There are 2 protein chains.
Amino acid sequence: MRLSDAIEQFIKTMMVEDAHQIELKRNELAEYFRCAPSQINYVLATRFTPEHGYVIESRRGGGGYIRIFRIEHDNSRQLLYTLNERIGDTIDEHAATNLIEQLYEREIATRSEALLMQSAISHQALSLPLPAEMKGALRAKILKSMLMQIACKNHQSTEEANHALR
Amino acid sequence: MRLSDAIEQFIKTMMVEDAHQIELKRNELAEYFRCAPSQINYVLATRFTPEHGYVIESRRGGGGYIRIFRIEHDNSRQLLYTLNERIGDTIDEHAATNLIEQLYEREIATRSEALLMQSAISHQALSLPLPAEMKGALRAKILKSMLMQIACKNHQSTEEANHALR
DNA sequence: GGATGTTAGACCATCTTTGACCAATGACAT
DNA sequence: ATGTCATTGGTCAAAGATGGTCTAACATCC
């Protein structure tokens, strides 16, 4: 079996047991699999992306860590469809607005969250001299990032939220 | 847990009890945590700056002390305004994170809003091939746009509250 | 054999902790 | 008043502890 697949399985097994969130040490994991630490990054970059339904958060320095959050299974299918099919690599403001509207109507996002997302991807927020394709790509990334946050937020404790904010 | 985080928590706990202003002895605190006195300075320098909403005053020599004040704001609108001013045309992720954390700690933004803003301006959300200056400018615009939204929302609820009182 | 996916490693960025050395203050002796 | 010195806090740089990025070499799959 490929190393990357083994690491992927290992992490996913950890997540099954332990709710929707795990914390790991890059060097320890690399040590365990006797591979280069950057191998861990490779696995995360190719198999634990927002498109796969995961959010990653990390910190360097003493006491550093890598945390992986997984979205809840209930909404995950719907959300992943939204992320991959409806947003994709780019999205214009109009489509994004419609999408946000829908999420609000379906009570996946609160009114407050919907308004905040809207303001983050509005033309005003992205009013810089950039090619339209770049703006579309940016909007897609930002929107995906925020949607994953909403999907994961219920798993994070307040304490962890503080960390996430640092 | 990291020593610095423990010290930070310790101080913040003191502040809550003690009306947003405390006095401490550097050496005593260092003794308590069994660390180098300069560790205290490190914590203050990285977590209790004006950017975090704190001001520090100290004196050396016999009877020396360190006083920490939490900056008060008349109301949330003022703070939002101040922060908006502080952002300027560009802001890096670290500074933005500090701002958002401050809003959360002062209950101007909810946890959900804080996390959402954080994810919108995170480096992951802006991970496209753009020069760093452009990313900083984008982050500033996005953040301001979101802060405006929150200011708006808060203002509306204030209006509603006023209305209800009439 | 070319496109795509893996792996390792060199080099980088960030955060924390400690310690040597510096500066200010106040008590006290002269 | 002035000098001395113990008492405190401040600065800065080095070392340590992590994780990130980039790229070349290698492997695998059509």
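Predicted model, so just to flag it, every value in this text is computed and none were measured. First the proteins, then the strands, lettered A, B, ... as listed; each starts at 1. Quick note: numbers below take in every heavy atom, side chains included, and nothing from hydrogens, waters or symmetry partners.
- Here C:dA20 presents its P atom at 16 Å from CD of B:Q39, a figure rounded to the nearest Å.
- Taking the ring axis of B:Y65 as reference, the NZ or CZ atom of B:R67 stays within 45° of it and closer than 6.0 Å to the ring centre.
- Atom CD in B:E93 sits roughly 10 Å away from atom P in C:dC15 (whole-Å rounding).
- The separation between B:R59 atom CZ and C:dA27 atom P is 10 Å, rounded to whole Å.
- The structure places CG of A:L24 at 5.5 Å from CG of A:L29, a figure rounded to the nearest 0.5 Å.
- Separating the CD atom of A:E57 from the C1' atom of D:dG19 is a distance of 13 Å, rounded to the nearest angstrom.
- When the P atom of C:dG5 is taken as reference, atom CZ of A:R47 falls 10 Å away, rounded to whole Å.
- Residue B:S58 places at least one side-chain N or O under 4.0 Å from the OP1 or OP2 atom of D:dG10.
- Within 4.0 Å (heavy atoms only), A:G61 reaches at least one base atom of the nucleic acid.
- Put simply, A:R34 has no side-chain N or O that comes within less than 4.0 Å of OP1 or OP2 on C:dT7.
- Looking at the side chain of A:S4, the nearest of the listed nucleotides D:dG19, C:dT7, C:dG19 is C:dT7.
- Set against D:dG19, C:dA8, C:dC15, the side chain of A:N27 has D:dG19 as its closest nucleotide.
- Residue B:F48 forms a ring pair (Phe, Tyr, Trp, His ring centres under 6.0 Å) with just one option from B:Y54, B:F69, B:Y42, and that option is B:Y54.
- Mapped onto DNA chain C by nearest heavy atom, A:G62 and A:P37 fall at different nucleotides, with A:P37 at the one closer to the 5' end.
- B:S38 comes within contact range of at least one nucleobase, with a heavy-atom separation under 4.0 Å.
- The nearest whole Å value for the distance from the CZ atom in A:F33 to the P atom in C:dA8 is 12 Å.
- Residue contacts for B:N41: at a heavy-atom cut-off of 4.0 Å it reaches a base atom on one of the strands shown.
- Residue A:I40 is classed as having no contact, given no heavy-atom separation below 4.0 Å to the nucleic acid.
- Nearest-nucleotide assignment on DNA chain D puts the 5′-proximal partner with B:E28, out of B:H123 and B:E28.
- Here D:dG19 presents its C1' atom at 13 Å from CD1 of A:I68, a figure rounded to the nearest Å.
- The B:A36 side chain lies nearest to C:dG19 when the options are C:dC12, C:dG19, C:dT17.
- Here C:dT14 presents its P atom at 15 Å from CZ of A:R26, a figure rounded to the nearest Å.
- Counting non-hydrogen atoms of other residues, nucleotides and ligands closer than 6.0 Å to CD of B:E31 gives a total of 12 or fewer.
- Here the side chain of B:I66 is nearest to one of D:dG9, C:dA8, C:dA13, namely D:dG9.
- Residue A:K25 places at least one side-chain N or O under 4.0 Å from the OP1 or OP2 atom of D:dT18.
- Other residues, nucleotides and ligands place more than 12 heavy atoms under 6.0 Å from the CD atom of A:E51.
- No continuous path of ILVMFWY side-chain contacts below 4.5 Å connects B:L44 to B:V55, so the two sit in separate hydrophobic clusters.
- Here B:L3 lies in heavy-atom contact (under 4.0 Å) with sugar-phosphate atoms only.
- Taking 4.0 angstrom as the limit, A:Y42 places a side-chain polar atom (N or O) nearer than this to OP1 or OP2 of C:dT6.
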